[in-house]
Amino acid sequence: MHIDLRTVALEPQRNTFDHLVRRFGDKAASRYQEGSYDIQAAENLHYRPTWDPEQALYDTSITKIVLKDWYVLKDPRQFYYNTYTLARARQQDTTEANFSFVESRGLGAMLSEELKSIALNVLIPLRHAAWGSNMNNTFVCGYGYGTVFTQACMYQAMDQLGIAQYISRLGLLLGDTEALTAGKEAWLSAPAWQPLRHYVEDCLVVRDPFELFVAQNVALDGLLYPLVYERIVDGFLSSQGASAVAMLTQFMNDWFDETRKWVDAVIKTAAAESDHNREVLQQWTDKWSTRAATVMLPIVKLALGDQSEETVGEEVASFKARMKKIGIEI
Amino acid sequence: MDTQVTKKKLGLKERYKLLTRDLGWEPTHHTRDEIYPYVKYEGIKIHDWDKWEDPFRLTMDAYWKYQAEKERKFYAIIDAHAQNNGHLNLTDARYLTAIKIFLQAISPGEYAASKGFARMGREFGGVGTQVACQMQALDEIRHAQTQIHAISNYNKYYNGFHAFSDSRDRIWYTSVARSFFDDAMSAGPFEFMIAIGFSFEYVLTNLLFVPFMSGAAYNGDMATVTFGFSAQSDEARHMTLGLECIKFMLEQDPDNLPIVQRWIDKWFWRGMRVLSLVGAMMDYMLPKRVMSWKEAFDIYGVENGGALFNDLARYGITAPKGWDIAAGAIEHMSHQLFLGLYQWSFGTAFHGWIPSDDDMDWLSSKYPTTFDKYYRPRWEHIKKLEAEGTPFKNFGLAKLCQTCQLPTVFTEPGDPTLTCHREVDYKGEKYHFCSDGCKDIFENEPEKYIQSWLPMPALFSELGGDIGAWMDWVGLRNGIDNGDYVGSQDQVNFDKWRGMATSNK
Amino acid sequence: MAVTSLKEYIGVPRDTVANFNGKQLVYASWDRHLLFAAPFLTCVPPGMKFREWVEGPLTALIQPDPDAKSVDFSKVEWLKSNQAFTPNFEASLAENGIVHKEQIRFKTPNLNSLFAGA
Amino acid sequence: MSNVFIALQTNEETRPIVEAIMIDNPHAVVKREPAMIKIDAPGQMIVRKETIEGLVGRTFDLQEMHIHLITLSGNVDETDDSLTLTWNN
């Protein structure tokens, strides 16, 4: 039986689900709202975790940050799985095109050995740092509270895995598997990389999800991305004629530009809720960003030499300015 | 042209290895125990995380590409479904009872699985395992969201869906699925993998997503089929992960075998209890049926589960402890549970009904040795009460199982005429169970299960037995969301709308 | 068996009698009368006489069964915690040793209309 | 011997995949259910990239199968050229 259902105008019985009516009023809800608000269990949790009986299965008290309602931490991008995946698939198309452009025209081979070696020295060990961020954001997703906050952390975690994999592909393209091996050796023992590796390993034992968010997404990324991808790759390497490298790291620049808006929104909202939150966030941001600036300096020196201190100083200043705008004074 | 030395051509496996597990390193500033504090206490011994076999080798670029394609297809179909009043293609709106249970009990479980896998994606000690769990965490967010989005349009036209977020934590039958996930999440990482990776993904989702979704297609529900099959395409990866994880544990150390076996026993039984909901959905809630619950179980439980356990026999694994009892109960479980759902329908955010004569004849043909003998007489009596104007409602709330949280509807093994009564005294308190399987699970970890939040007792301890207050609290609108399908607003509207679509009136 | 846990693990039961405002739970089931899908939950004061419990909530709940009118509660076989039990109808539930969450069963060997064919 | 199986959505893209599986696994059995095709085979089943490419006339990445896959059973071994399902019994 075929029924022409299109011709019938039916009166809906309701606009949306009850919990969304309570939050946003009695009107049609967006897919972001439907897929994100109040979908995590909250009450009558059955058992205490055997891995830590002092916690509840979903527990707001495992961080120092206090929010009346964790669903205030809205993602300005309104990413839910669909919008997230489609956005990344589009970027992946561009990245793939960039990689094949560089590869098919042999642009990698045209790079001077000196520039290529700077690019590999600065970039390849960062795939390990990206894995650290993957782990840290996975942690925040796993133990953080409220889907609007935690789902974005899962997306961030997978993005960092993607970044680690793009860096690895860049290494394979410009220097084959040897580049990856050399990068890992540098990560493990070259003096320039040890402070950063120490920072990342210290993050792996932080178990306050919000502090970890600050240490990774605010402080470290907030300096690493501008310094490496804007100043070294887009600035220094491109001006020397190695813009092929910038083509291969375009994703990282676009990604940082996009994700920092989310990071800022999270911090701004949490800080605005109470003086307590603001003070805690300021302490964390101060502590971790001061250290991040220190650990980035020897890495920046691999490319920028004498100008490194000045460059790091400039980026620290703009980081502080960025933080000030969202209510964090350091 | 390219004057470089020709690059080594990397195969899928080597390339994947470089792009994932090579990202990790041996830490020097903190011990592995500090970084991975939860991987040891369960007693599972892992000597070499590198022996982990990656089942599928998706890098993020391929993941984004293929998942985006799945997403585009999915949302195109549910948009069209909504725009074209696709809900009027259903065979009958009573079918939506199954979808109401799905949204209230199963979709929140998908989300819980996502949180759980995010935790495992951080707690496991090897990059291969971490990445596999993280991808699953991401997929499970997808499943929860695509389900809510597919069902959202039904919520606009039909009752029983609107309060799913409240009923998830408060109404009685959702506690069955939620306790399953809470149980898994409160366990350590390896047990979680057996619970969700093995029991839920390998045993349960095939039964839930494959034959049931085929049934949804048969009943004109393209929205559900689409999310079901689309989700199951991810589950193929997840099932494989569950299987790899079991093999990995068993290969790492012979001491792991008894621990793994105990978890398999436990989670097989936990899974079977959750599946009784699926059995009732398949046998009673599909107006047009593709196959019976028993037939589905023969294919995906007995045949496929049997193949799995035969395969694992080389490690010393035996079929789960309750396997034979479960196989014997297949003839009964859907009937026993649906009879309960019908008589407690005043307390469910979905409708119940008396099976029609056609339904009962179909059930007789599918359950020739049990339905007519045990279950038809009860339904005939219920029909008689209905015809006499005294429809049967059981206002005695049900005794719940302390472990699985289902009403204790199941009968003694080998005697389908006698309810299975099991109880345990522990530290001066009495606890009740639906079966030996659930009692064993309790006795293995009593300090865990004494904490169970049992919704029926809670109605008295927390709300003083006030049914009206309870309905408000769980978001159930009396006379609208609950009770009989016959005469319900859902039935009246569906018939009216379908009439508008098929005639000129 | 102890729960395998990283730290000491002590559970807190949620259904202790203290939470029931002076009442207690008593479960009741009628053996081989499975029109009722599960044992009934009743929430009653421990001082209630056994007779009041039987003639009150229990009698009301079993009415839909065709055998209900033929039950003579003075003659049925009782079980408490699955053991044979002889209740004192004039004594309270507490005096009968019926504690919180007690399961009472009763058997009526000659009545089984809905399993007549079985 | 236990059956391995693979189930795919019924659509235009899976038609050649199913055909290729049947070419490479003459012992396999196809079952058609609403919206889904299930292929069972005793012991082992192999899905070959080359066979599919021969049928579709273009390069085919085996990972494209993920889009249409509903479920499978058996131990999985995935390489660039094939996907194999096996039960060791």
Side-chain angles (χ1 to χ4, degrees), chain B residues 37-38 41-43 188 191 336-337 339-344 372-374 377-378 381-382 385 390 392-400 407-409 411 416-419 421-423 425 427 429-432 443-454 456-458 460-462 464-465, chain C residues 1-21 23-44 57-58 60-66 79 81-82 99-105 107 112-118:
Chain B
Y38 299 163
Y41 79 94
E42 294 170 280
E191 185 179 346
Q336 294 175 348
L337 183 60
L339 190 79
L341 295 179
Y342 170 77
Q343 62 195 258
W344 300 308
D372 284 349
K373 191 169 174 186
Y374 301 109
R378 291 179 223 170
H381 180 66
I382 291 169
L385 292 174
T390 52
F392 174 41
K393 291 291 159 224
N394 180 352
F395 289 102
L397 301 182
K399 184 175 81 169
L400 303 179
T408 55
V409 297
T411 48
T417 68
L418 188 63
T419 302
H421 290 92
R422 295 290 182 276
E423 61 179 74
D425 282 300
K427 291 190 176 172
E429 285 287 320
K430 283 189 181 298
Y431 298 97
H432 296 273
E443 289 185 308
N444 279 330
E445 295 181 288
E447 291 292 333
K448 185 170 196 182
Y449 297 101
I450 59 174
Q451 304 167 71
S452 300
W453 179 79
L454 294 180
M456 299 273 185
F460 291 94
S461 60
E462 294 173 25
Chain C
M1 234 166 87
V3 173
T4 305
S5 59
L6 196 58
K7 299 177 186 170
E8 189 185 34
Y9 193 93
I10 305 286
V12 178
R14 276 167 153 127
D15 293 329
T16 53
V17 71
N19 298 337
F20 287 82
N21 310 308
K23 293 184 179 174
Q24 70 174 58
L25 299 181
V26 181
Y27 296 111
S29 58
W30 185 1
D31 276 13
R32 302 192 196 276
H33 283 73
L34 294 179
L35 176 68
F36 310 110
F40 303 116
L41 176 155
T42 65
C43 184
V44 288
L58 184 58
L61 286 167
I62 65 166
Q63 285 316 302
D65 191 282
L79 291 93
S81 284
N82 303 318
V99 299
H100 178 50
K101 292 187 277 178
E102 192 80 75
Q103 169 72 58
I104 301 292
R105 295 165 61 180
K107 296 191 205 184
N112 59 350
S113 301
L114 292 182
F115 282 124

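Residue contact with chain B, scored on non-hydrogen atoms closer than 4.5 Å, involves the backbone and the side chain of Tyr9(C) alike. Residue Asp31(C) touches chain B through both its backbone and its side chain, counting heavy-atom pairs closer than 4.5 Å. Contact of Thr4(C) with chain B is made through backbone and side chain together, with heavy-atom distances under 4.5 Å. Heavy atoms of Glu102(C) lying under 4.5 Å from chain B belong to its backbone as well as its side chain.
Once rounded to the nearest 0.5 Å, the distance linking NE2 of His421(B) with CD of Gln103(C) reads 4.0 Å. Taking NZ of Lys427(B) as the start and CD1 of Ile10(C) as the end, the distance is 5.0 Å to the nearest 0.5 Å. Here the CZ-CG distance, from Phe460(B) to Leu41(C), works out to 5.5 Å after rounding to the nearest 0.5 Å. Within the model, atoms NE2 of His432(B) and NZ of Lys101(C) stand 7.0 Å from one another, a figure rounded to the nearest 0.5 Å. Atom CG of Leu34(C) sits about 7.5 Å away from atom CG of Leu418(B), to the nearest 0.5 Å. Rounded to the nearest 0.5 Å, atoms CD (Glu42(B)) and CG (Leu6(C)) are 10.0 Å apart.
Between the side chains of Lys430(B) and Ser81(C), at least one donor N or O lies within less than 3.5 Å of an accepting N or O.
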Report task. Take Glu429(B) and Thr16(C) through the side chain to side chain contact (heavy atoms under 4.5 Å, CB included) test and state the conclusion after the steps. Result -> CA-CA 7 Å; Glu429(B) 285 287 320; Thr16(C) 53; 3.5 Å; yes
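By number of non-hydrogen pairs under 4.5 angstrom with chain B, the leading residue of Asn21(C), Asn19(C), Ile62(C), Val99(C) is Asn19(C).
For residues 1-11 of chain C, the pairs satisfying salt bridge (charged side-chain N to carboxylate O under 4.0 Å, His left out) are Asp52(A)-Lys7(C), Glu54(A)-Lys7(C), with sequence neighbours left out.
Tested against Phe36(C), the residues Thr419(B), Asn394(B), Val409(B), Leu339(B) include a single side chain to side chain contact (heavy atoms under 4.5 Å, CB included) partner, Asn394(B).
Within 6.0 Å of the NZ atom in Lys393(B), the count of heavy atoms belonging to other residues, nucleotides or ligands exceeds 12.
A distance-only check finds a donor-acceptor pair linking the side chain of Gln343(B) to the backbone of Leu35(C) [under 3.5 Å].
Residues passing the side chain to side chain contact (heavy atoms under 4.5 Å, CB included) test with Pro416(B), sequence neighbours excluded: His332(B), Tyr374(B), Tyr375(B), Thr411(B).
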